[in-house]
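Some notes on the structure that comes next.
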Amino acid sequence: MASDKPVDDLTEAEAQRALARLAAAIARANTAYHQADAPEISDAEYDALKRRNAAIETRFPSLKRTDSPSEQVGAAPSDGFGKIRHRVRMLSLANAFDAGDVGDFDAGIRRYLGLSPDAPLTYAAEPKIDGLSLSLRYEDGQLVYAATRGDGETGENVTANALTIAQIPQALNGAPAVLEVRGEVYMSQADFETLNATGGRTFANPRNAAAGSLRQLDAEITRARPLSFFAYAWGDLSEPLAATQWDSLQRLASLGFTINPLTRRCDGVAALLAHYQAIETARPDLGYDIDGVVYKVDDLALQSRLGMRSTTPRWAIAHKFPAETAWTRLESIDIQVGRTGALSPVARLKPVNVGGVLVSNATLHNEDYIAGRDSNGQPIREGRDIREGDWVQVYRAGDVIPKVADVDVGRRLPDSVPYVFPDICPDCGSAAVREPGDSTHRCTGGLVCPAQAVEKLKHFVSRGAFDIEGLGARQIEMFFADDLLPIHEPADIFTLARRDAANLGKLKNRDGFGDRSVAKLFEAIDERRRIPLTRLLFGLGIRHLGEVAATDLARHYGSWEALARAADMARPAAERHLAADAAETEERARAAEAGRRAEVKKARDAVWDNPPVDAAARAAWDDLVGIEGVGAVLAVSLVTALAQPRERASIDRLIGELSDITPPEARATDSAVAGKTVVFTGTLTRMTRAEAKARAESLGAKVAGSVSAKTDFLIAGEGAGSKATKAADLGVTVIDEDAWIAMIGG
DNA sequence: GTGCCTCGAGTTCC
DNA sequence: CTCGAGGCAC
């Protein structure tokens, strides 16, 4: 059959018929997806159609239809590009917004490395191009693929498109056997304006134009779009390019890449700020958009010592230019209710263009932000509050999240009144309470509140939780409001198929649901009856219990039964903890001015120990809060959530529907210190304490502050004192710094 | 007690 | 992406 024939074997007539069929099939899939949000075919099948369409169009350009699906930018539910996993993660950078932040950045690096404030420290600085980052992998000098950043771990294969960019070489001379070059694809302002004037569609800004062009499924369209590329970094390498950032860039330049001509080496903060000024001055005449200046520690050995924080490297920062702002009218203030009951005020704006994006909503954070105070009660806009009807200045924080920066009080109407934050939930009418010390109002309706219930369900099916294919936020909204087959709690998802059968399978005849999509949905739900404990815990949506805490709890208890039993046992202690907290708060208010801290402590202890909490409860509680990363706040939240009869019954119904709750996998034990608890003492000479800790943790060790029976190694630097004595008493292995470094492999 | 550092929660637009 | 807050080290 012609539809399965290799593209190269198609006759022209066959190709023409195939394109017609594909256009129809893709259009049908688009309609099903967009109008009902319930696709008739899977993403993979859809991708295959788009890919085949693009391939045929490439081979027979003259046959390309006027309604070609490849022209319909943004119509795809997911695109036709293959995924590529980056062997070295593509980083994002921390931001600095003023000279003070840059000073902090430099000081932090010096502290971490143990350098004095006046020791020489060289940085490489270059403009931050406002485009999209790309990773180019070369093996034996040949381009193997070009991949977008994606989420930093996995990007999309856009090789064919990258090859249409003149500044991206297909082959290199004298390159390392493996070389991943990273840089920014961008479109110059002049090219952007020409494209918008002559092309079929208008883009909001050069960045969007570059992104849209690079993601074309048909490389010939990309070829017609004038894109450029600056190299600024590298990923996987078979051998180092050079010893410094600067020299590495020079090496890339000599291999044929374009590096930004405004790249400079700067000694110290003053030189960085001077170069920032120079770039800001040059900005209007560069001919391409930039949004700041990037500073990197020049010495690569130092970069490697500094290492990573959770998502950003310690050795680099982006010094951003002030964000673009725009003035518009704030038409009204709406309140949204989140899954934890938090009431979030949202500004509904007269749509306004901010830095190339049309903004119509902006977050107002909380009551204090609207009133013009920060969380400490200090004025943030010199007392100017935000009111409905006001003229407000909007900007996009980090160029993404719209926020209200300022208010023009002069344009305020005489009858305007300060915004009164609601004290009842707009969705369910329950009281919305702001606890002392908290910045947000919270609806007290719990699961009675429809807004909370539906948000919790959305969280339950979200990516890190049950992640059920075909059951996203949209479908949850729909099923929540459904009369015939409602989903009001997680267990309802798993009874859906049974209930549908009892209803003679009516689901499949409704909007957006055909035979196949219903079958696939039920299948996807059934697959999740077997679920990792971590996902189950995270999916419950208990406040303060996120993915990381869920992992820690799952590791510690190993099974749902063990965790639930522990939570039930710890309940009296958790209740007492809350009572003690209340007593402490009360006493603190009374003793505030006298500064009698001892009294506060005494008031707390009087409640905590009187009468002593049942020993078993106390033990369960201590065990719970003893877990690293679990404190009293999370512990109380977990225990009380599981103690709510309504909530617990709902969880039990869910568990009854699951077939298997799988325990977490044991931690990888590659390194000799993985899973070990280590303690540092004395003065380390080859690295600072922070560095040693980060290194140990990156190898899977747990770093503790004091020696106990659980300690595996004590690393004793020079002048070790009581800890070494205690370690000897407890029979803990004591090693010196050199032995430690040997153990972790240099 | 103070000051990181991370995690959790909420948010917007494409 | 940002803010607030929890947890923990100094």
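None of the values given here were measured: they were computed from a predicted structure. The basis for the numbers below is simple: all heavy atoms, side chains too, and nothing from hydrogens, waters or symmetry mates.
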Using 4.0 Å as the upper bound for N to carboxylate O, is an ion pair formed by A:Glu435 and A:Arg442?
no

What residues, two or more places apart in sequence or in another chain, satisfy ring-ring contact (aromatic ring centres under 6.0 Å, His included) together with A:Phe192?
none

Name the nucleic acid region contacted by A:Asn208, choosing base, sugar-phosphate or nothing; use a 4.0 angstrom heavy-atom cut-off, strictly under.
nothing

The nucleotide from B:dT12, B:dG10, C:dG6 with an atom nearest the side chain of A:Arg339 is B:dG10

Can you check whether A:Thr440 has a side-chain N or O nearer than 4.0 Å to OP1 or OP2 of B:dA9?
no

Given that A:Leu358 and A:Ala342 both sit by DNA chain B, which one's nearest nucleotide is further toward the 5' end?
A:Ala342

By nearest atom, which of the nucleotides B:dG8, B:dA9, C:dG6 is closest to the A:Ala549 side chain?
B:dG8

Measure OH/A:Tyr395 against P/B:dT12 and give the value in whole Å, please.
14 Å

Taking NZ, NE, NH1 and NH2 as the nitrogens, is one of them in A:Arg434 or A:Asp368 under 4.0 Å from a carboxylate oxygen of the other?
yes

What contact category does A:Ser360 fall into here, base, sugar-phosphate, or nothing, at under 4.0 angstrom with non-hydrogen atoms?
sugar-phosphate

With sugar-phosphate meaning primed atoms plus P, OP1 and OP2, does A:Leu349 contact a base, only sugar-phosphate, or nothing at under 4.0 Å between heavy atoms?
nothing

According to ring-ring contact (aromatic ring centres under 6.0 Å, His included), who are the partners of A:His365, at least two apart in sequence or on a separate chain?
A:Tyr369

Would you indicate, yes or no, if B:dG10 has its OP1 or OP2 atom less than 4.0 angstrom from a side-chain nitrogen or oxygen of A:Gln336?
no

Please tell me which of the listed nucleotides, B:dA9, B:dC13, C:dG4, lies nearest to the side chain of A:Val357?
B:dC13

Roughly, in whole Å, what's the span from CG in A:Leu545 to C1' in B:dT6?
15 Å

d(OH, A:Tyr112; P, C:dC10) in whole Å
13 Å

Short side-chain N/O contact from A:Lys403 to OP1 or OP2 of C:dC3, under 4.0 Å:
yes

Ranking B:dC13, C:dG6, B:dG10 by distance to the side chain of A:His544, first place goes to C:dG6

Note: A:Arg348-A:Glu388 ion pair, threshold 4.0 Å (strictly below)
no

Name the closest nucleotide to the A:His365 side chain, picking from B:dT12, C:dG7, C:dC3.
C:dC3

From the candidates B:dG10, B:dT11, C:dG4, the one with an atom nearest any side-chain atom of A:Thr363 is B:dT11

Does the side chain of A:Ser439 get closer than 4.0 angstrom to OP1 or OP2 of C:dA5 through an N or O atom?
yes

What is the distance, rounded to the nearest whole Å, between atom CZ of A:Phe538 and atom P of B:dC7?
13 Å

Could you tell me whether A:Glu477 and A:Arg474 make a salt bridge, using a distance below 4.0 angstrom between a side-chain N and a carboxylate O?
no

Base, sugar-phosphate, or nothing for A:Ala211, non-hydrogen atoms under 4.0 angstrom?
nothing

Separation of B:dC4 atom P from A:Ile109 atom CD1, nearest Å, is 15 Å

Among C:dG7, B:dA9, B:dT12, the one nearest A:Val633 by side-chain distance:
C:dG7

Round to the nearest Å and state the distance from A:Asn361 atom CG to C:dC1 atom P.
20 Å

For atom CZ of A:Arg463 and atom C1' of B:dG10, their distance in whole Å:
17 Å

Of the candidates C:dG4, B:dG10, B:dT12, the side chain of A:Ser344 sits closest to B:dG10

To the nearest Å, give me how far apart OH (A:Tyr369) and C1' (C:dC3) are.
11 Å

Side-chain donor or acceptor of A:Glu184 paired with backbone N/O of A:Lys128 under 3.5 Å
no

Quick note, A:Arg314 side chain, CB onward, closest among B:dT12, C:dT2, B:dT6 is B:dT6

Choose from C:dG7, B:dC7, B:dT12 the nucleotide whose nearest atom is closest to any side-chain atom of A:Val548.
B:dC7

